[in-house]
Amino acid sequence: MRKIRLFLLLAVAVSLTGCAVIRQGDVGVKRTFGKISKRELQPGLVFYNPLVSTILRVPTRTTNIEIRLDLPSKEGLNVKSDISILYHVNERKATEVIGTIGKDYETSMILPVFRAAAADVTAKFMAKDMHSGNRLGIENEIRSKMAEILEPRGFVIEAVLLKTIMLPPGLYRAIEEKLEAEQEAQRMEFVLQREKLEAERKLVEAQGIRDANRVISEGLTPIIIQYKTIEAYRELSKSPNTKIIIGSGSQPIILQP
């Protein structure tokens, strides 16, 4: 009989004691009679009374929310986008998050704040700017706006990533035509620059030839010309072929073999 009593007491004690395992990357929040404990439970084995208490697990590791959203642009267009929000719950504020916001904090807090911040930021940019080099600036500005509201509430916004931006088809074509026009303008500028350089080269070459001829003409005195003529006749007279050489001038020369 005594053994039966001990067994019953042990069974009651076990039934009044539960245990939970808090994994690495999570913290536990204990709720007793609907009241949230002020102290977070660290990873490991936790004992509690399942009749009056509940252990809620809150992830403190990085969480990725992927969302598809139409973003407004400055010119009034709706730009479709795929976006990732990287965030985590501040470990020291997990009980505050559960106590003031609840377990469904993504739907009730993070996503509404993101939608409002994204709309405020992208409405200041043209649609083409979201698709080009301003993407990083837009991401950082959205993240900053979210952090202003969410970090005091216990959330750390790590990054906002605009993974895909899908512009309206007509705008895509307009951007392509603009890029083609810019490339053609750059090509024409290159051709004009090349032709200009070629013209300058020819001008320099012509000036060089002119200056060389001027130097030669200035150095050709009548005596030098007569001397060069005589040398030319002398070389020609050495040829074995039959020839008649008649020189004109003040001293004509006739050589006949």
Side-chain angles (χ1 to χ4, degrees), residues 20-44 46 53-127 129-167:
V21 176
I22 308 299
R23 297 181 302 173
Q24 191 71 31
D26 293 347
V27 294
V29 176
K30 186 176 182 180
R31 177 186 291 163
T32 304
F33 291 116
K35 184 178 180 181
I36 299 296
S37 173
K38 294 183 179 181
R39 184 174 62 87
E40 290 82 13
L41 302 175
Q42 297 304 313
V46 177
S53 300
T54 303
I55 302 299
L56 302 176
R57 295 170 179 83
V58 180
T60 56
R61 59 191 178 277
T62 299
T63 301
N64 178 22
I65 306 177
E66 294 190 354
I67 181 173
R68 175 164 289 187
L69 185 67
D70 288 344
L71 299 174
S73 67
K74 188 174 182 179
E75 64 267 51
L77 297 175
N78 286 326
V79 179
K80 296 184 180 298
S81 61
D82 291 326
I83 304 169
S84 284
I85 306 168
L86 303 179
Y87 80 97
H88 67 268
V89 176
N90 188 337
E91 180 180 338
R92 297 181 179 180
K93 292 188 175 183
T95 57
E96 180 181 341
V97 169
I98 298 300
T100 60
I101 303 172
K103 184 68 174 175
D104 194 21
Y105 47 78
E106 282 190 359
T107 303
S108 61
M109 178 62 71
I110 294 178
L111 289 178
V113 170
F114 163 73
R115 289 189 177 95
D120 287 344
V121 173
T122 58
K124 298 185 297 184
F125 292 88
M126 304 293 286
D129 296 330
M130 302 181 199
H131 191 265
S132 58
N134 286 327
R135 181 180 298 192
L136 179 59
I138 294 173
E139 293 173 344
N140 290 335
E141 192 169 345
I142 295 174
R143 191 203 68 81
S144 296
K145 281 186 171 292
M146 292 181 66
E148 290 177 5
I149 299 172
L150 295 176
E151 288 193 357
R153 302 298 301 272
F155 302 97
V156 178
I157 307 302
E158 300 176 13
V160 175
L161 306 175
L162 302 179
K163 299 193 301 180
T164 304
I165 297 294
M166 293 165 281
L167 300 178

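Values below: every heavy atom of this structure, side chains too, minus hydrogens, waters and symmetry copies. We count residues from 1, following the sequence as given.
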> Above 12 or not: heavy atoms from other molecules or residues under 6.0 Å from NZ of K93?
Replying inline: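 Buried by this count: over 12 neighbours within 6.0 Å.
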>> Take a 6.0 Å sphere around CZ of R92 and say whether it holds more than 12 heavy atoms from other residues, nucleotides or ligands.
In response: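 Count not over threshold, so no.
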>> Strictly below 4.0 Å, N to O, side chains only: are K163 and D82 in salt-bridge contact?
In response: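 No.
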> Is any side-chain N of the basic residue among K124 and E141 closer than 4.0 Å to the acidic one's carboxylate O?
Replying inline: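 Between E141 and K124 there is a salt bridge, with a charged N closer than 4.0 Å to a carboxylate O.
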Do [X] and [Y] have side chains that get closer than 4.5 Å, going by heavy atoms?
X: T122; Y: V79; answer: no
X: T63; Y: H88; answer: no
X: K30; Y: T54; answer: no
X: T100; Y: R153; answer: yes
X: T107; Y: D104; answer: yes
X: R39; Y: T95; answer: no
X: S108; Y: I101; answer: yes
X: V58; Y: I98; answer: yes

>> If only side-chain N and O atoms count, and only distance matters, is there a donor-acceptor pair under 3.5 Å linking T60 with E91?
In response: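 The answer is no; no qualifying pair exists.
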> For F125, which residues count as a ring pair (Phe, Tyr, Trp, His ring centres under 6.0 Å) partner, sequence neighbours excluded?
Replying inline: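 Testing F125 for ring pair (Phe, Tyr, Trp, His ring centres under 6.0 Å), a comparison that skips the adjacent residues, returns none.
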>> Whether the side chain of E96 engages the backbone of G154 through a donor-acceptor N/O pair (distance < 3.5 Å, no angle test) should be reported.
In response: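 No; judged by distance alone, with no hydrogens or angles, the pair does not exist.
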>> One pair to check against side-chain contact (heavy atoms from CB on, under 4.5 Å): V160 and I83. What are the steps and the verdict?
In response: CA-CA 7 Å; V160 175; I83 304 169; 3.9 Å; yes
>> Could you go through L111 and I85, starting from their C-alpha distance and side-chain angles, then the distance that decides it, and tell me whether this counts as side-chain contact (heavy atoms from CB on, under 4.5 Å)?
In response: CA-CA 9 Å; L111 289 178; I85 306 168; 4.3 Å; yes
> Should the ring pair Y105 and Y87 be called parallel, tilted or perpendicular, given that the plane angle runs from 0 to 90° and is split at 30 and 60?
Replying inline: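 Geometry flag for Y87 against Y105: perpendicular rings.
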> Hey, which of T164, I165, D70, L71 is the one that makes side chain to side chain contact (heavy atoms under 4.5 Å, CB included) with K80?
Replying inline: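 Only one option passes, and that is D70.
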